[in-house]
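Here's the structure we're looking at; comments come further down.
Values below: all heavy atoms of this structure, side chains included; hydrogens, waters and symmetry mates excluded.
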Amino acid sequence: YILHLQRNLKDKHMTIERELKAQVVKRIKPQKVMLIYGPRRVGKTLLLREIYNEFEGKKLLLNGESSDTVRMLSDRSISNYKHLFAEVSLLAIDEAQHIPEIGMKLKLMVDEIPGLAIVATGSSSFDLQNQAGEPLVGRSTRFMLTPFSIKEINKQQPTFQTITNIDQHLVYGFYPELISIDSGAEQARYLTEIVDSYLLRDILAIDGVKNAQKMHDLLRLVAYQVGSEVSTDELGKQLGVSRNTAERYLDLLQKVFVLYRLGGYSKNLRKEVVKSSKWYFQDNGIRNAVLNDFRPFADRSSEERGALWENFIIGERMKRKHNNLSNINLYFWRTYDQQEIDLIEEDGEIITAYEIKSGKKNPKIPKAFANAYPEAAYNIVNKDVFWNYVE
């Protein structure tokens, strides 16, 4: 029965409905640009094609990696774009960051061609955000497509099966193509290839980043510190680079969607830590591929299990934020006398705290936090109740 369920999910992995899809579709309007970002290999092209195929009206799909597309759009003029797209209602562009001056070109199109809506994807935020961001202010909506959320996977199988497989996801993560790979060894090989051939390549292609080993060493150091505050001074010393260089590397890793940062939360107390940062991986599988460590979750130390569990839970909350296009802000909380909470979510005036535990511990809310934020809800997220916080 379980094997049947697993095969059934593998057969359907390319048709799992992405939560972000409905958010994109309902915002497609004339004179607007939808920008879909995200790591490589998370299904942006598939999502774009689904949106394109289901759109009723005249449409055109372009590939930004094609020299034909680059040449077609090279003449940045109203007359050229009207000639190309005057009768098009939806223009879809995959890998749009490969097109020079893409932001200015998209702006000209939606400003000058009545009835035109555009959906564009990009793996790396460097060119697409930096080039498209400023020109498209007021004309665009940005979407972040992540690896599968556990909620998306659960759409294709019973909840019991999803929860049963949680330890495997804690090790191998949620990249879509993993579902169609049977063996752990092949999944590990796939994730290692993602790190070596795609994620780091995006960074090393940027001017000024020439030392692949330094970048990989930095990722390893951060991987060992998931759930802990990261000192850029200490990172720089361990890598033999300046603090500014370490900070720049972290920023680049965030921009290519390998890592994301949580800052310290503070509103009421002078003794709250606000200048430190914690860094998490977009996906547990990528974190373990960086360390070349795919041991079963149950075979790891309590510290390791705690780090993977925290990375998973916070990652799912982050996916929820992106998939819902919510304005919730995520932080950690700590005082200088070491009272701490793993995750704080701020939704306007509503504050919610989450203490994330891989074991059975049931810690009480820190007194300093309870006194400073008496209206805040406090939750303990362990393996017995986690489903309430990720579905």
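Here the CZ atom belonging to Phe148 is positioned 12.5 Å from the OH atom belonging to Tyr175, to the nearest 0.5 angstrom. A distance of 9.0 Å separates CZ in Arg295 from CG in Leu308, rounded to the nearest 0.5 Å. One finds the CG atom of Leu218 at 10.5 Å from the OG1 atom of Thr245 (value rounded to the nearest 0.5 Å).
Salt-bridge check for Glu186 with Arg189: passed, with a basic side-chain N closer than 4.0 Å to an acidic carboxylate O. A salt bridge links Arg71 with Asp68: at least one charged nitrogen is closer than 4.0 Å to a carboxylate oxygen. Using a cut-off of 4.0 Å between Lys/Arg side-chain N and Asp/Glu carboxylate O, Asp167 and Arg300 are scored as not salt-bridged. Glu50 and Arg18 are not joined by a salt bridge, as no carboxylate oxygen comes within less than 4.0 angstrom of a charged side-chain nitrogen. The existence of a salt bridge linking Glu17 and Lys155 is excluded, since no basic side-chain nitrogen approaches an acidic carboxylate oxygen closer than 4.0 Å. The residues Asp111 and Arg139 are annotated as salt-bridged, a charged nitrogen and a carboxylate oxygen being separated by less than 4.0 angstrom. Here Lys237 does not pair with Asp233 in a salt bridge; the nearest charged N to carboxylate O distance is not below 4.0 Å.
Between the side chains of Asp337 and Thr335, at least one donor-acceptor pair of N or O atoms lies under 3.5 Å. A donor and an acceptor atom, one from each side chain of Asn154 and Thr159, are located under 3.5 Å apart.
The aromatic rings of Trp309 and Phe386 lie perpendicular to each other, with more than 60° between the two planes, well past the 30° mark.
The side chain to side chain donor-acceptor pair (under 3.5 Å) test applied to Ser277 returns Arg261, not counting sequence neighbours. Not a single side chain to side chain donor-acceptor pair (under 3.5 Å) links Ser66 to another residue, sequence neighbours left out. Asp75 meets the side-chain contact (heavy atoms from CB on, under 4.5 Å) test with Ser77, Asn80; sequence neighbours excluded. In this view, Arg27 and Gln23, Met34, Thr141, Phe143, Leu325 satisfy the side-chain contact (heavy atoms from CB on, under 4.5 Å) rule, not counting sequence neighbours. Every residue two or more places apart in sequence or in another chain that forms a side-chain contact (heavy atoms from CB on, under 4.5 Å) with Thr352 is listed here: Ile350, Tyr354, Ala377, Asn379.
Note: Trp333 and Tyr373 fail the aromatic proximity criterion, with ring centroids not under 6.0 Å apart.
Contacts classified as salt bridge (charged side-chain N to carboxylate O under 4.0 Å, His left out) and involving residues 315-331 (residues at least two apart or in different chains) are given here: Glu316-Lys319, Arg317-Glu345.
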| task | Check the pair Leu145, Thr121 against side chain to side chain contact (heavy atoms under 4.5 Å, CB included), reporting the backbone distance first and the verdict last. | result | CA-CA 10 Å; Leu145 187 66; Thr121 73; over 6 Å; no

| message | One pair to check against salt bridge (charged side-chain N to carboxylate O under 4.0 Å, His left out): Lys21 and Glu54. What are the steps and the verdict? | response | CA-CA 11 Å; Lys21 180 179 174 181; Glu54 294 171 13; 2.7 Å; yes

| Given the rule in the side chain to side chain contact (heavy atoms under 4.5 Å, CB included) test, do Met318 and Leu262 qualify, once you have shown the distances and angles that lead to the verdict? | CA-CA 11 Å; Met318 188 67 75; Leu262 289 192; 4.3 Å; yes

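Among all heavy-atom pairs drawn from Ser302 and Ser358, the shortest one is O-OG, 4.4 Å. Counting all heavy atoms, side chain and backbone alike, Ile36 lies closest to Leu47 at CD1-CD2, 4.2 Å.
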